[in-house]
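Letters A, B, ... mirror the listed sequences (proteins, then strands); counts begin at 1. Just so you know, these numbers use all the heavy atoms, side chains as well, and skip hydrogens, waters and symmetry mates.
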There are 2 protein chains.
Amino acid sequence: MPDRPPRRSDATRTAILAAARERFASDGYERATIRAIAKDARIDPSMVMRYYGSKEGLFDAVLDVDLRIPNPRELQRQTVGETLVSHFLTLWEENNDALTAMLRVSVTNPAGAERLQGIFRDQILPVARHVCPDPEQAPARAGLTASQVLGMALTRYVLKFPPVAALAREEIVAWLAPTLQRYLTAPHP
Amino acid sequence: MPDRPPRRSDATRTAILAAARERFASDGYERATIRAIAKDARIDPSMVMRYYGSKEGLFDAVLDVDLRIPNPRELQRQTVGETLVSHFLTLWEENNDALTAMLRVSVTNPAGAERLQGIFRDQILPVARHVCPDPEQAPARAGLTASQVLGMALTRYVLKFPPVAALAREEIVAWLAPTLQRYLTAPHP
DNA sequence: AATGTAGGCCAACATCCGTTGACAGTCCAG
DNA sequence: CTGGACTGTCAACGGATGTTGGCCTACATT
């Protein structure tokens with residue numbers, strides 16, 4: 001896309017987006033009202049409509065994060081588990097609000113669910129195809145991997161179970177890496 | 001509680017409850033409107049209020065499921081992983097709508113999240129305390145276990161990722177049992 | 001048969017939501 | 001200096017939602 005000239009309203013745009021990220025992340029799609037977001041951003045609700053078209057357009061803008069999918073070719077088959085856990089933890093810490101919002105909304109909104117499914121189809125499935133023994137098992141193995149990764153995200157960042165939220169990053173890597181390694185590369189039990 | 005005499009309205013009550021379970025499970029708390037639930041049950045919205053007091057009261061009634069927590073004393077330390085996976089799969093299959101509703105709502109509604117947290121505190125934590133090597137590590141180990149169990153429930157029953165939803169029950173047990181076994185009993189990595 | 005009570009429906013209320021359009025100030029190009 | 005585009009506010013609309021109270025009917029008890 002072409003570089004757009006800087007506009008006088010850019011500050012307002014980003015203020016809206018920041019407020020929307022927080023509201024969607026903490027309240028979910030339905031409870032995050034445009035009026036509340038506008039109040040947080042200290043502007044009128046109608047501005048949200050002008051700049052993002054609709055509530056759904058605003059939500060789309062919130063979800064527009066760069067996932068920096070790791071290139072499967074660069075993965076070592078021996079360390080794929082650790083690499084994946086580490087990648088996703090970093091990703092989540094850097095885009096906490098946006099990803100929490102996506103997970104929170106996906107659980108209620110079918111469109112969000114499809115989006116999340118697309119992400120994992122594009123992220124984990126290629127990795128599974130590249131490292132797992134039998135290509136036919138790749139979808140199942142990718143699914144198991146997703147279940148553990150999303151389960152960690154759910155309990156740590158959304159539900160905030162105290163013992164899980166309190167875990168140090170290295171501890172999570174140490175515990176989950178062998179799990180993902182087994183799901184992706186161990187022989188079918 | 002004392003046995004209440006059967007009432008002429010019992011059929012209506014259960015019809016409302018059944019419709020509510022389905023709606024809450026498939027739409028979440030906000031989108032499951034009392035009007036829609038009443039329409040499914042073929043009665044007037046005001047009846048819901050009469051019998052369950054409010055939308056929240058109705059939701060509470062939906063969540064009132066018997067979890068049949070396994071007695072930690074009867075668990076074999078060697079097979080606790082398999083026992084747990086099997087228990088939760090059965091539980092979820094028998095109360096699919098109610099548990100899906102709880103998970104779906106917990107992600108948006110703080111009260112639901114607390115309820116879910118309470119369940120895992122009462123279900124998994126005692127088990128962890130009983131089987132894990134160092135009692136101090138019990139909360140963290142229980143949390144990791146919860147992350148995998150809830151992650152499976154999320155991807156299989158809520159998001160319905162095709163490869164995960166297609167897995168056979170025995171396959172899930174075979175894949176997850178070693179994971180839980182390690183989270184609960186293996187030495188700290 | 002008379003009467004009280006519980007079951008059920010209907011219409012309405014108050015509130016909140018996303019969204020729209022008219023209007024006023026501000027900046028910049030000509 | 002002037003016109004037009006941009007930024008922002010205000011008030012309102014149409015619709016949906018949870019909830020309430022009044023009213024009619026049917027049953028059970030006396």
Side-chain angles (χ1 to χ4, degrees), chain A residues 2-63 101 104-105 108-112, chain B residues 2-63 101 104-105 108-112:
Chain A
D3 271 359
R4 309 176 125 278
R7 279 179 283 204
R8 192 155 41 100
S9 62
D10 280 351
T12 304
R13 292 183 127 85
T14 64
I16 293 175
L17 207 55
R21 254 195 285 269
E22 288 188 23
R23 283 283 177 180
F24 280 128
S26 65
D27 296 349
Y29 190 80
E30 335 286 338
R31 303 164 90 109
T33 68
I34 294 217
R35 283 171 158 90
I37 293 170
K39 199 170 194 178
D40 289 354
R42 294 173 207 274
I43 44 89
D44 191 87
S46 61
M47 302 300 293
V48 178
M49 308 303 296
R50 196 198 295 265
Y51 292 138
Y52 294 95
S54 68
K55 186 178 182 180
E56 224 181 293
L58 175 61
F59 185 64
D60 277 352
V62 164
L63 293 195
R104 229 188 259 274
V105 170
T108 294
N109 184 310
Chain B
D3 272 358
R4 310 176 127 276
R7 278 178 284 201
R8 193 154 42 100
S9 62
D10 281 350
T12 304
R13 294 182 123 87
T14 63
I16 293 175
L17 206 55
R21 253 194 287 267
E22 288 188 24
R23 282 284 177 180
F24 279 128
S26 65
D27 296 348
Y29 189 81
E30 335 286 337
R31 303 165 90 109
T33 68
I34 292 213
R35 281 170 160 90
I37 293 170
K39 200 170 194 177
D40 290 354
R42 295 173 205 277
I43 44 91
D44 191 86
S46 61
M47 301 301 294
V48 177
M49 308 304 294
R50 196 198 289 267
Y51 292 138
Y52 295 95
S54 68
K55 185 178 183 180
E56 226 182 289
L58 175 61
F59 185 65
D60 277 352
V62 165
L63 293 195
R104 226 187 262 276
V105 170
T108 295
N109 183 311

Point to revise | Residue mapping more 5' on DNA chain D - nearest nucleotide basis, Arg50(B) or Ile34(B) | key: Ile34(B)

Exercise for review: Ignoring backbone atoms, test whether Thr12(B) places a side-chain nitrogen or oxygen under 4.0 Å from the OP1 or OP2 oxygen of dG8(C).
Suggested key: yes

Practice item. Provide, to the nearest angstrom, the distance between the CG atom belonging to Asp10(B) and the P atom belonging to dA6(C). Key: 14 Å

Point to revise | Whole-Å distance separating the CD1 atom of Ile37(A) from the C1' atom of dC17(C) | key: 12 Å

**Study point:** Between dG18(C) (C1') and Glu30(A) (CD): distance, integer Å
**Key:** 13 Å

Review point. Of the nucleotides dT20(C), dG8(C), dT19(D), which has the atom closest to the Met49(A) side chain?
Key: dT20(C)

Review point. Quick one: Tyr51(A) OH to dC6(D) P, roughly how many Å, whole number?
Key: 10 Å

Check your understanding: Starting at CE of Met47(A) and ending at C1' of dG21(C), how long is that distance when rounded to a whole Å?
Key -> 14 Å

Exercise for review: Using atom CD1 of Ile16(A) as one end and atom P of dT19(C) as the other, report the distance to the nearest whole Å.
Suggested key: 14 Å

Revision key, fill the gap. To the nearest 0.5 Å, atom OH of Tyr52(B) lies from atom CD1 of Ile37(B) at 10.5 Å

Exercise for review: Name the closest nucleotide to the Asp44(B) side chain, picking from dG8(D), dC9(C), dT19(C).
Suggested key: dC9(C)

Study note, to complete from the structure: Among the nucleotides dT20(C), dT19(C), dT19(D), whichever has the atom closest to the side chain of Arg35(A) is dT19(C)

Review point. How long is the gap from CG on Asn109(B) to CG on Asp27(A), to the nearest 0.5 Å?
Key: 10.5 Å

Check your understanding: Do Glu30(A) and Thr108(B) have side-chain heavy atoms sitting under 4.5 Å apart?
Key -> no

Check your understanding: Parallel, tilted or perpendicular for Phe24(A) and Tyr29(A), by the 30°/60° rule?
Key -> parallel

Review point. Whole Å only: how far is the CD atom of Glu56(A) from the P atom of dG18(C)?
Key: 12 Å

Check your understanding: Nearest to the side chain of Ser46(A), which nucleotide is it out of dT19(D), dC9(C), dT20(C)?
Key -> dT20(C)

Review point. Side-chain N or O of Thr33(A) less than 4.0 angstrom from OP1 or OP2 on dC16(C)?
Key: no

Check your understanding: Heavy-atom distance under 4.5 Å between the side chains of Val48(B) and Lys55(B), does that happen here?
Key -> no

Review point. Which whole-number value in Å describes the distance from Arg31(A) CZ to dC16(C) P?
Key: 14 Å

